[in-house]
4 protein chains.
Amino acid sequence: MGSTPQARRSDTRERIQSTALELFVSQGYEKTSLREIAEALGVTKAALYYHFKTKEDILTAISDELGRPVDELIAWGRAQPATLETKRELLARYSSALREAAPLYSILQENQAALRELGVGRKLTERVITISQLMHAGDAPLAHQVRLSSALLTVHFGAFTTARLEGDAETKRKALLDVGLEILDSTRDDG
Amino acid sequence: MGSTPQARRSDTRERIQSTALELFVSQGYEKTSLREIAEALGVTKAALYYHFKTKEDILTAISDELGRPVDELIAWGRAQPATLETKRELLARYSSALREAAPLYSILQENQAALRELGVGRKLTERVITISQLMHAGDAPLAHQVRLSSALLTVHFGAFTTARLEGDAETKRKALLDVGLEILDSTRDDG
Amino acid sequence: MGSTPQARRSDTRERIQSTALELFVSQGYEKTSLREIAEALGVTKAALYYHFKTKEDILTAISDELGRPVDELIAWGRAQPATLETKRELLARYSSALREAAPLYSILQENQAALRELGVGRKLTERVITISQLMHAGDAPLAHQVRLSSALLTVHFGAFTTARLEGDAETKRKALLDVGLEILDSTRDDG
Amino acid sequence: MGSTPQARRSDTRERIQSTALELFVSQGYEKTSLREIAEALGVTKAALYYHFKTKEDILTAISDELGRPVDELIAWGRAQPATLETKRELLARYSSALREAAPLYSILQENQAALRELGVGRKLTERVITISQLMHAGDAPLAHQVRLSSALLTVHFGAFTTARLEGDAETKRKALLDVGLEILDSTRDDG
DNA sequence: TATGAATGAGACTTCATTCAT
DNA sequence: CATGAATGAAGTCTCATTCAT
């Protein structure tokens, strides 16, 4: 007996998550209704409520999963000294983490207004802000700060806006990172 | 008598526009209901419909007004040769245009998903894309392209994300522009 | 001077009436809004209210004008004895009156539900019923009654439903009247 | 216990249909709001939307149910030769079908303008036109055509307008059919 | 003779959520 | 593990009508 090894505890929850992710990305969080998610899955709305307490909960679960690399990066960052070398590494690791987390941040970006009031929205925003703070840590002169911002902006938003450029995603990612690092290095000259 | 000079034939239309702008920026387009706008103005919902045909129309009017500097910039850009000097100028002018258009693009950014289906959303997006195309015109190698993107990203998104940094807005704008121009200039070295 | 002879007292009222008639016929009474009528005329809604007290009033004016032939027929009918010959004449005159009144009855037919509550609706319905009563007057056996109904139905509804048939309107009208008269004559045989 | 036998999984859908039918007949389609239907049933408007996608959908469901006899008649008619005998039979069967379909056609007639734009309206109209075409099939001279129209008009509209006459419904229906058949037969003489 | 501005009522519809089964 | 049924709140929009100018 027990031909299904140790009963995978229902994959429905995961299917909900991934369907919701797809729809949130393509249509937006608010514009995606639970009815749509349920229909896309071939279940009833009530079924969603068996697996998640609220609509927000679905996004929270997605956020917890896709945001992990960024969380780990934050943990790592907090333990480092605020040197330029740390920041170079931070930028590189963030660029890398975005590979997985991009859909999540796409949702955040495109639905900021809608998520503003939601716990999950605040959490998502916090992560971005924290990365930004780690990047800015210690550096005082505005000229510096702005360069640090620029480097992060390049890596972060570049991930979304360079979709229209030719070339494969990984190549573009590296190119963006290179530019970001250069900007970072240029902070050495001033002040 | 009558401190209201020569009885303007009702400035309600403009008041709707500016109230709506405020609310769209602070709460988002979708999250702002016509009821709220009407209440904030002390009129009825129906009054809004006397002045604007639909909710989208209100945003369109705002977009036409605040987006004018960018439209003019586009017109200018199209008439220029695709030289580095043009791009430097383009970046500078765009930075400048953003002073007025920033709220508009803030709305676009934070409500992208919600505006995707709307005519006005497409128009807004188009403007951004066009600026981006003018910036990328003619330059082939990916390394170049990415730098051009980075420069624009810095100026565009910097306008929103540096709100958290100390310093007055105009100073920060100039600092961002300087970084952007530097990135642009660095395209000379490669290739 | 006074090239406009004795000032035609504003033809706007009449223009409203005829535009409204057109729209009521083509779209229905309820489906035609005052905004549409006003726009079609190039005036404002408020202008309509200068000439007519309510929307219903516009239809009432139309009804008074186009319904006159039927009113006259009713007056005539009431003064006649309830003989078969009277009914033949009644049918012929009604057929003739419909030439002018048809649009009016088209409105009544197609918007019966909407007009049920309205004074003008009741008045319109009354006219039809009265004609019908004049037609049925005096005749007792059901077989008779039904024939009389059939004759009237033929003339009345035929005016609308034979639009799809080939042939010019007047020819069809006469043909319908002939059939109606035949049916009427057939009442002689039974009983 | 439980006088409600085996707990029907909710008959609400049917109750909505029959309540709506009643109201559509007595007040008209447009004049009947979903609020009214809901209140009459003691449910909320949203409940209606659980069972039907739109207001029109409710009428469509009603139309599908009550219109079935006419649909069957059309199917039958299409398979017959265009002889006088067929037309006699068609008229008889149509008269019979109207017993069930009358409320439906009452709605169509009294709300024609309102239903013109609706899919269900077009479907309803089509049915009537098709019956009429089957009736007219093959017969050329206008005198014939008009007689055929008259016969159908008598049976169709007679069903509604003879409500005011004394006598029970079934008797009147037969009487109308008889007259209709006579008119049909009279087509033999001319030409 | 007409307009500009505004209103109050009400329409259809959609949504996230709940709960008994 | 999931469904069927229902709700309450809210949203966008349209309409006939009014009134000061």
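Numbers restart at 1 for each chain; the letters A, B, ... are given by sequence-line order, proteins then strands.
Ion pairing between C:E100 and C:R68 fails under the 4.0 Å rule for side-chain N and carboxylate O. Under the 4.0 Å criterion applied to side-chain N and carboxylate O atoms, B:K31 and B:E36 are not assigned as salt-bridge partners. In summary, B:E126 and B:R122 do not engage in a salt bridge, as defined by a charged side-chain N under 4.0 Å from a carboxylate O.
Residue D:H51 places none of its side-chain N or O atoms closer than 4.0 Å to OP1 or OP2 of F:dG4. Proximity of D:Y50 to the phosphate of F:dA6: no side-chain N or O atom is located under 4.0 Å from OP1 or OP2. Of the side-chain N and O atoms in A:T12, none sit less than 4.0 angstrom from OP1 or OP2 of F:dC1.
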For side-chain contact (heavy atoms from CB on, under 4.5 Å), just list the numbers for A:L21 and A:L59, CA-CA rounded to whole Å, side-chain angles, deciding distance to a tenth of an Å, and then say yes or no. CA-CA 8 Å; A:L21 175 59; A:L59 183 54; over 6 Å; no
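Atoms CD (A:Q27) and C1' (E:dC15) sit 14 Å apart, rounded to a whole Å. Between the C1' atom of F:dT3 and the CD atom of A:E39 lies a distance of 15 Å, rounded to the nearest Å. Between A:L41 atom CG and F:dT3 atom C1' there is a gap of 15 Å when expressed in whole angstrom units. Following rounding to the nearest Å, D:I16 (CD1) and F:dA5 (C1') show an atom-to-atom distance of 11 Å. B:R15 has its CZ atom 13 Å from the C1' atom of E:dA6, to the nearest Å. Going from atom CG of B:D11 over to atom C1' of E:dA6 covers 14 Å, rounded to whole Å. The interatomic distance linking B:L48 (CG) with F:dG11 (P) rounds to 13 Å, in whole Å.
Base pairing of E:dA20: its partner is F:dT3, meeting the Watson-Crick or G-U wobble criterion (both donor-acceptor distances under 3.5 Å). Checking F:dA9 for Watson-Crick or G-U wobble geometry (two distances, each under 3.5 Å) identifies E:dT14 as its partner.
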Across nucleotides 15-21 of chain F, 5' to 3', mark each nucleotide with B, S or - according to how protein heavy atoms within less than 4.0 Å reach it. BBBBB--
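Formation of a donor-acceptor pair under 3.5 Å by the B:K45 side chain with backbone atoms of B:I37 is not found in this model. Side-chain atoms of D:T60 come within 3.5 Å of backbone N or O of D:E56 as a donor-acceptor pair.
Remark: the D:R116 side chain and the D:T125 side chain contain no N/O donor-acceptor pair separated by less than 3.5 Å.
Between A:A47 and D:G42, it is A:A47 whose nearest contact on DNA chain F lies nearer the 5' terminus.
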